[in-house]
Amino acid sequence: MFTTVATDEQASVLADLAIARRLAACVQAEPIRSTYRWPGRIVEETEVRLVFKTTKAMYQALEQLLIEAHPYELPAVFALSVTSASAEYMKWVARETRAPSDPSGV
């Protein structure tokens with residue numbers, strides 16, 4: 001999943017919340033340049049893109065968190081399907097996004 005925010009501080013808040021609540025195993029932040037129309041004028045600005053490494057099962061909870069905690073009036077929250085990934089890495093993601101008391105295996 002991914003979203004964008006205006007500052008590194010905003011990125012840290014969302015990343016920390018997602019990791020603390022075990023909704024993502026890892027969050028990467030990278031600076032990007034965005035150009036868009038809002039509202040009725042063209043805006044160009046630097047943003048921080050956050051990529052949340054998570055599972056399909058965590059999508060709804062992570063989306064809800066991002067929408068509630070996001071500083072933007074209209075946050076963009078996207079999910080992309082992973083068509084393939086290393087099995088061991090995906091096992092780690094599944095372990096990290098499962099509640100500590102969840103006894104189910106991967």
Practice task
Find out if a path of hydrophobic residues (ILVMFWY) with successive side-chain heavy-atom gaps under 4.5 Å connects V51 to M1.
Solution key: no

Residues 58-67, side-chain donor-acceptor partners within the protein, below 3.5 Å, at least two apart:
{"unit_1": "Y59", "atom_1": "OH", "unit_2": "E63", "atom_2": "OE2", "d": "2.8"}
{"unit_1": "Q64", "atom_1": "NE2", "unit_2": "E68", "atom_2": "OE2", "d": "3.0"}

Fill in the blank from the handout: In terms of heavy-atom contacts, A69 and L14 come closest through CB-CD2, 3.7 Å

Practice task
Supply the atom-to-atom distance R49 CZ to S34 OG, rounded to the nearest 0.5 angstrom.
Solution key: 8.0 Å

Practice task
Determine yes or no for a side-chain-to-main-chain donor-acceptor pair under 3.5 angstrom, with T3 supplying the side chain and A76 the backbone.
Solution key: yes

Handout entry: Taking every non-hydrogen atom, the tightest pair across A29 and L50
Key = CB-CD2, 3.8 Å

Practice task
Group every Ile, Leu, Val, Met, Phe, Trp and Tyr by side-chain heavy-atom contacts under 4.5 Å, then state whether L80 and V27 land in the same group.
Solution key: no

Completion exercise
Nearest heavy-atom approach of H70 to T4 is NE2-O, 2.9 Å

Handout entry: Full working for side-chain contact (heavy atoms from CB on, under 4.5 Å) between W38 and E45
Key = CA-CA 12 Å; W38 184 263; E45 63 188 5; over 6 Å; no

Handout entry: Any donor-acceptor pair under 3.5 Å from R22 side chain to R95 backbone
Key = yes

Practice task
Would you please test R98 and T55 for side-chain contact (heavy atoms from CB on, under 4.5 Å) and show each step?
Solution key: CA-CA 10 Å; R98 189 176 65 241; T55 63; over 6 Å; no

Exercise for the section: Over all heavy atoms of both residues, which pair between F2 and F52 is shortest? Give the atoms and the distance, please. Expected result: CA-CD1, 4.4 Å

Completion exercise
Hits for side chain to side chain donor-acceptor pair (under 3.5 Å) against Q28, two or more places apart or cross-chain, chain-then-number order -> none

Practice task
Rounded to the nearest 0.5 Å, what's the gap from NZ on K53 to CE on M90? Could you check?
Solution key: 10.0 Å

Handout entry: Spacing of CG belonging to L23 relative to OG1 belonging to T54, to within rounding of 0.5 Å
Key = 6.5 Å

Problem - Over all atoms of both residues, closest heavy-atom pair of A11 and V5 - result: N-CG2, 3.6 Å

Problem - More than 12 heavy atoms from other groups under 6.0 Å of CD1 on I32 - result: yes

Practice task
Tell me, please, which residues at least two apart from A6 pass side chain to side chain contact (heavy atoms under 4.5 Å, CB included).
Solution key: Q10, Y72

